[in-house]
Amino acid sequence: MFERRQPIPIGEAVQKIMQYQLSGETEYINIEESFGRFLSKDLVATCDVPHFDRAPYDGFAVRAIDTQDASQANPVEFEVIDHIGAGMVSNMTVTENQAVRIMTGAIMPEGTDAVVMFEVAKTYEKDGKPFMAIKRSFKKGDNVSFRGEDAKEGEVLVKKGTLINPGIQAMLATFGYKDVPAAKKPIVGLFATGTELLDVGDPLVPGKIRNSNSHMIAAQIERVGGIVHYFGKLPDEFDTCFEAVKNAVNKVDLLITTGGVSVGDFDYLPEIYEKLGAEVLFNKVAMRPGSVTTVASHNGKLLFGLSGNPSACYVGFELFARPILRRMLFSEKPHLRKEQAILEVDFLKANPFTRFVRSSVFIENGRLKVTPSGLDKSNIIMSLAGANSLTILPGGTRGFAAGTEVDVLLLEDQFGSEWPW
Ligand SMILES: Nc1nc2c(c(=O)[nH]1)N[C@H]1C(S)=C(S)[C@@H](COP(=O)(O)OP(=O)(O)OC[C@H]3O[C@@H](n4cnc5c(N)ncnc54)[C@H](O)[C@@H]3O)O[C@H]1N2
Ligand code: MOO
Ligand SMILES: [Mg+2]
């Protein structure tokens, strides 16, 4: 029997999902493997950096007080009593008019409080002993890199949930994090449903198409930070699909299917959820594409029934599956980052529902601009390639003229947002 569905607002649908406090887990991984992972604990400075006062230049470590009378007319002379490079420690204590020849990175010798760069010192020997003279004065602290100037012990430097980038790798190493607390990657199960589906290597035959959704979503899952567990494709047969879904749920943290969620005669996902005894959170959302996106919960797991239509599937994943996965990766801003951009071209389709247009944002003269990345229909694949954003065009409108300021969700930005709608 044909079932008429009641669409719910997008924000409500997202909230219904986010109410499931799926918590992330920590695993300690070797720093060598941590690039591109998410921190599961705040990164705290375990020591001051640097942890000793040091020279930032090659030159001479001196006592500033001994330089105060130096001028063009009155060079001041220093006896050079030691010579150290980075990693070496002088055991001399510098007293009046003495200096230590010091290289960048070396610890400041006892008694010294300023560094004279080679460029401003004249070096010579007297009675076989090294000396240097300067014609200007220095203040205490001149050319010294102080203990703790980079970071202070105990400081929280990076929040949990942050993607580990090369700079964070440097921090982790600096603070001795041989083992890095990282968010365990959520395992996302994936089925593509559809009797029409061929594998990538199969030749085309009438009525059948190659399964592109599972390859697309696999990449989306990885982009978000999860691990894909692809269970394969399923024909539109109730019993086969029911058994497959039932067996898969317990093997993964979250299960995604594509196709078979609408009201067609071979769309079995709604009945599968019913037979499983799953609680359907929603089965229609006031949006385009992806209106048929259905999400259910079963045994504490979320089941995402994404549309079979490629663009609808793509958008459904980004709006509904991404945030809960990012939450499992400890993110405090798990949603797509929202920004404003200027619409570059007219978009004249009337919008009964809020529309998420696959689009391409770019910066021109310091302004964020956006243009659709191709045809805007939910069965379209090609517009996805150039999409780095989704333009949000609110429902109940008759289209938008070029030059209008619109909201965009950035697909490849790691900053995220707390709650964009
Ligand atoms: N009477 C109605 N018909 C439809 C409605 C509706 O409200 N009333 N909604 C339409 C909308 S909107 C969408 S979106 C689709 C959603 O359909 P399903 O999610 O049930 O998906 P399927 O029927 O299985 O497939 C739809 C379409 O996508 C192709 N497909 C499926 N899987 C893949 C894949 N893995 N790779 C590439 N392409 C795939 C499939 O061949 C179909 O062409 O329903 C509308 N109908
Ligand atoms: O769910 Mo359909 O994708 O609205 O276009
Ligand atoms: Mg269908």
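Note that the coordinates shown come from a computational prediction; the quantities given were computed from them, not determined experimentally. Both counts, for ligands and for their atoms, begin at 1 and track the order of listing.
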Mind checking whether Val292 has a heavy atom under 4.0 Å from ligand 2? yes
Does Gly194 come within less than 4.0 Å of ligand 1, judged by its heavy atoms? no
Is the gap between the ring centers of Phe400 and Phe347 under 6.0 Å? no
Would you indicate whether Phe266, at its atom CZ, is surrounded by more than 12 heavy atoms from other residues, nucleotides or ligands within a distance under 6.0 Å? no
Which of the ligand 1 atoms, numbered from 1, are nearer than 4.0 Å to a heavy atom of Asn211: 34 (C), 35 (N), 36 (N)
Any chance OH of Tyr57 has more than 12 other-residue heavy atoms, nucleotides or ligands included, within less than 6.0 Å? no
Answer yes or no for Gly260: is there a heavy-atom contact with ligand 1 below 4.0 Å? yes
From Phe52 atom CZ to Arg147 atom CZ, the distance as rounded to the nearest 0.5 Å: 10.0 Å
How many angstroms lie between atom CD of Glu155 and atom CG of Asp42, to the nearest 0.5 angstrom? 12.5 Å
In this structure, does ligand 1 have an atom that sits under 4.0 Å from one of the heavy atoms of Lys284? yes
Atom indices of ligand 1, in the order listed, that fall short of 4.0 Å to a heavy atom of Ile209: 37 (C), 38 (N), 39 (C), 41 (O)
Who's closest to atom 42 (C) of ligand 1 heavy-atom-wise, of Met216, Glu196, Lys377? Glu196
Within the 4.0 Å heavy-atom cut-off, what Asn213 brings close to ligand 1 is both
Going by distance only, is there an N or O of Ser378 that falls short of 3.5 Å from an N or O of ligand 2? yes
Which atoms of ligand 2 have any heavy atom of Ser291 under 4.0 Å away? 1 (O), 2 (Mo), 4 (O)
Can we call the ring centroids of Phe320 and Phe282 under 6.0 Å apart? yes
With a 4.0 Å heavy-atom cut-off (strictly under), which part of Val263 contacts ligand 1: side chain, backbone, both or neither? side chain
Grab the two heavy atoms, one from Ala114 and one from Phe138, that are nearest each other, plus how far apart they are. CB-CB, 4.2 Å
Please determine if Lys275 forms a cation-pi arrangement with Phe242, meaning its NZ or CZ atom is less than 6.0 Å from the six-membered ring centre and no more than 45° off the ring axis. yes
Numbered in order shown, the ligand 2 atoms found under 4.0 Å of a heavy atom of Pro289 are 3 (O), 4 (O), 5 (O)
Quick one: does ligand 1 sit under 4.0 Å from the side chain of Leu197, the backbone, both or neither, non-hydrogen atoms only? side chain
Please work out, at 4.0 Å between heavy atoms, whether the side chain, the backbone, both, or neither of Ser291 comes within that distance of ligand 1. side chain
Ignoring hydrogens and geometry, is there a side-chain-to-backbone donor-acceptor pair from Asn30 to Glu32 under 3.5 Å? yes
Applying a 4.0 Å heavy-atom criterion (strictly less than), which segment of Asp267 is in contact with ligand 1: side chain, backbone, both, or neither? side chain
Val261 N/O under 3.5 Å from ligand 1 N/O: yes
Taking non-hydrogen atoms only, is Asp236 closer than 4.0 angstrom to ligand 1 via side chain, backbone, both or neither? neither
Nearest heavy-atom contact between Lys185 and Gly225 is CG-O, 3.5 Å
Residues, nucleotides or ligands: over 12 heavy atoms within 6.0 Å of Glu364 CD: yes
Here the atoms of ligand 2 under 4.0 Å from any heavy atom belonging to Gly290 are 1 (O), 2 (Mo), 3 (O), 4 (O), 5 (O)
Ligand 1 contact by Gly264, heavy-atom criterion under 4.0 angstrom: no
Give yes if a backbone or side-chain nitrogen or oxygen of Ser307 is under 3.5 Å from a nitrogen or oxygen of ligand 2, and no if not. no
Nearest non-hydrogen contact with atom 29 (C) of ligand 1 belongs to which option: Ser212, Gly308, Ser214? Gly308
If you count heavy atoms of other groups shown closer than 6.0 angstrom to CD1 of Ile227, is the number above 12? yes
To atom 45 (C) of ligand 1, the nearest of Ser262, Gly207, Ser311 on a heavy-atom basis is Ser262
Are Arg63 and Asp113 within salt-bridge range, i.e. N to O under 4.0 Å? no
Just to check, does Asn379 reach to within less than 4.0 Å of ligand 1 when the distance is taken from its heavy atoms? no
I need the atoms of ligand 1 closer than 4.0 Å to a non-hydrogen atom of Ser307, numbered in the order shown. 14 (S), 16 (C), 19 (O)
Note: ligand 1 atoms sitting under 4.0 Å from heavy atoms of Val292 are 9 (N), 16 (C), 19 (O)
Students often mix this up, so state it plainly: with edges at 30° and 60°, are the rings of Tyr230 and His215 parallel, tilted or perpendicular? tilted
Contact summary for Ala183 and Phe330, nearest pair of heavy atoms: CB-CD1, 3.4 Å
